[in-house]
Amino acid sequence: MAAEGATDDEVSGFVRSVYTLLRVCDAEIAGWSHDGLQVVIFDPARFASELCPKFFRHRTFQSFTRLLNMYQFHRVPSAQRDSKHVVFAHPNFQRTREDLLPLIQRKSSSACRAPDCGVCQ
Amino acid sequence: MAAEGATDDEVSGFVRSVYTLLRVCDAEIAGWSHDGLQVVIFDPARFASELCPKFFRHRTFQSFTRLLNMYQFHRVPSAQRDSKHVVFAHPNFQRTREDLLPLIQRKSSSACRAPDCGVCQ
Amino acid sequence: MAAEGATDDEVSGFVRSVYTLLRVCDAEIAGWSHDGLQVVIFDPARFASELCPKFFRHRTFQSFTRLLNMYQFHRVPSAQRDSKHVVFAHPNFQRTREDLLPLIQRKSSSACRAPDCGVCQ
DNA sequence: ACCGTTCTAGAATATTCGAAC
DNA sequence: TGTTCGAATATTCTAGAACGG
């Protein structure tokens, strides 16, 4: 199993921040789902105003969401229609599988158009 | 009176809702700018949780923003960067010019009109 | 003299330069924020053309910025959005806490340690 | 077909970083 | 360690797309 050769250094800053955030933050604001497979924001308003400024350079839920999508997290529709909880998940973002974090990659930005670019072609 | 050829029926439902909302809502949550040219949301959190459900079928600021953009409103950066106020404007959305409201049109849905489009039909 | 265990020698040259610069420079060009926690460049153009050559071996604001980032200073968005002031901060860079300066360390160059790396040798 | 709601992505700018020298 | 330049990442605002009424 398990991503040998995948050290912490390879985890992107954003992913590392979210993982840390979930470990240290007030359990009333955000946390892992019971199975440890989903990120649950229990209180988006407090998350934006209190947590975002501590871990990022902004204080909006939208900016947080934008980066989650950039890293291919997907929103999970909550069962309770009126719930204010916001749930996100990524197959390689799991509470007990820190070793998988390096697999989470940011989507490539606007594709390189250089005619001789060996990477993007 | 009234902008001949421009009756209320011609004002889109969303634009009418926003105009009404600004007339009746708590002045601490939202209102017109002093010059009557801008929509100011003083408290986005309360706006989303209290006002949105009354005027729309959702309770998120993002959904409100999405429609504003659809109707070509644009966000106005506030001078104070750390301000929580959110400001939007549209050249034909003015407090004293209700007659201009019919001019505000929703962007055409990017509907595919190709007669043989297998996706959109 | 000299705070035992934390002599001037332990403060990196760049950090020392910035600290000195703020003490001696024209108050119209740069200085401390009122609370003494932030570095404020009031006039980036004059800072680059007049101060940089005196304290460093260049005359560009970007080079100054590059080193600030290298030492983990972060840019702070100025309150006034249209302000030309540029603000940086580092938790251990404070006007009244010269004793903390040695704690400011340059980021480890991400030197490649792979024994067989043909690029870095 | 049009409009509204939701989730995701594009685009422009701002900020930070990698790497060669 | 410092300087330079190009690239990657972050933040903001707007738009695309799928779906439902």
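Labels below follow one simple rule: chain letters A, B, ... track the order of the sequence lines, proteins then strands, and each chain is numbered from 1. As the structure is a computational prediction, the values presented were derived from the model and not from experiment.
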Review point. Considering only side-chain heavy atoms of C/F14, which listed nucleotide, D/dT16, D/dC3, E/dG2, is closest?
Key: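 So the side chain of C/F14 is nearest to E/dG2.
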Exercise for review: Name the closest nucleotide to the A/F56 side chain, picking from E/dC13, E/dT11, D/dT16.
Suggested key: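 Given the options E/dC13, E/dT11, D/dT16, the side chain of A/F56 is closest to E/dT11.
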**Study point:** C/F55 and C/F64 aromatic centres sub-6.0 Å
**Key:**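 So the answer is no for these two rings.
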**Study point:** B/F61 ring center near A/F61 ring center (under 6.0 Å)
**Key:** no
Review point. Relative to the 5' end of DNA chain D, which residue comes earlier, B/G13 or C/P77, by the nucleotide with the nearest heavy atom?
Key: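 Looking at the nearest nucleotide for each, B/G13 comes out on the 5' side.
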Check your understanding: If you find the nucleotide of DNA chain D closest to B/R59 and the one closest to C/F88, which residue's nucleotide is nearer the 5' end?
Key -> B/R59
How many Å lie between [atom1] on [X] and [atom2] on [N], as a whole number?
| X | N | atom1 | atom2 | value |
| --- | --- | --- | --- | --- |
| C/R81 | D/dA14 | CZ | P | 10 Å |
| C/Q62 | D/dT15 | CD | P | 13 Å |
| C/R16 | E/dT1 | CZ | C1' | 17 Å |
| B/H90 | E/dT14 | NE2 | P | 12 Å |
| B/R106 | E/dA15 | CZ | P | 12 Å |
| C/K107 | D/dA19 | NZ | P | 13 Å |
| B/F61 | E/dT12 | CZ | C1' | 14 Å |

Exercise for review: Before giving the answer on salt bridge (charged side-chain N to carboxylate O under 4.0 Å, His left out), spell out for B/E98 and B/R23 the whole-Å C-alpha distance, their side-chain angles and the decisive distance to 0.1 Å.
Suggested key: CA-CA 12 Å; B/E98 194 172 349; B/R23 184 161 47 74; over 6 Å; no
Does [Y] offer a backbone N or O that forms a donor-acceptor pair with the side chain of [X] under 3.5 Å?
| X | Y | answer |
| --- | --- | --- |
| B/R59 | A/K84 | no |
| C/Q94 | C/P91 | yes |
| C/R106 | C/S12 | no |
| B/R46 | B/E28 | no |

Practice item. Report yes if a side-chain nitrogen or oxygen of A/R57 is closer than 4.0 Å to either non-bridging phosphate oxygen (OP1 or OP2) of D/dA14; otherwise report no. Key: no
Check your understanding: Does A/T60 have a side-chain nitrogen or oxygen under 4.0 Å from the phosphate oxygens OP1 or OP2 of E/dT11?
Key ->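 No, because none of the side-chain N or O atoms of A/T60 sits under 4.0 Å from OP1 or OP2 of E/dT11.
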Point to revise | Bend angle of the helix from D/dC2-E/dG21 to D/dC21-E/dG2, end axes from five pairs each (to 10°) | key: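 Comparing the axis at each end, I get an angle of 30°.
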Revision key, fill the gap. Between B/C52 and B/T60 the two heavy atoms that sit nearest each other are SG-O, 4.0 Å
Point to revise | Worked verdict on C/V11 versus C/Y19 for side chain to side chain contact (heavy atoms under 4.5 Å, CB included) | key: CA-CA 10 Å; C/V11 179; C/Y19 193 79; over 6 Å; no
Point to revise | C/V86 side chain reached by C/V40 side chain, heavy atoms, under 4.5 Å | key: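 Result no, sub-4.5 Å side-chain heavy-atom pair not found.
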Practice item. Among B/R75, B/H74, B/Q38, find the residue that satisfies the side-chain contact (heavy atoms from CB on, under 4.5 Å) test when tested with B/F88. Key: B/R75
**Study point:** Interface with DNA chain E, restricted to residues 33-54 of chain C and to heavy atoms under 4.0 Å
**Key:** none
Check your understanding: In residues 63-76 of chain B, which residues come under 4.0 Å of DNA chain E by heavy atom?
Key -> B/R66, B/N69, B/H74, B/R75
Exercise for review: Identify whether B/L37 and B/F73 are in the same connected component of the hydrophobic contact network (ILVMFWY, side-chain heavy atoms under 4.5 Å).
Suggested key: no
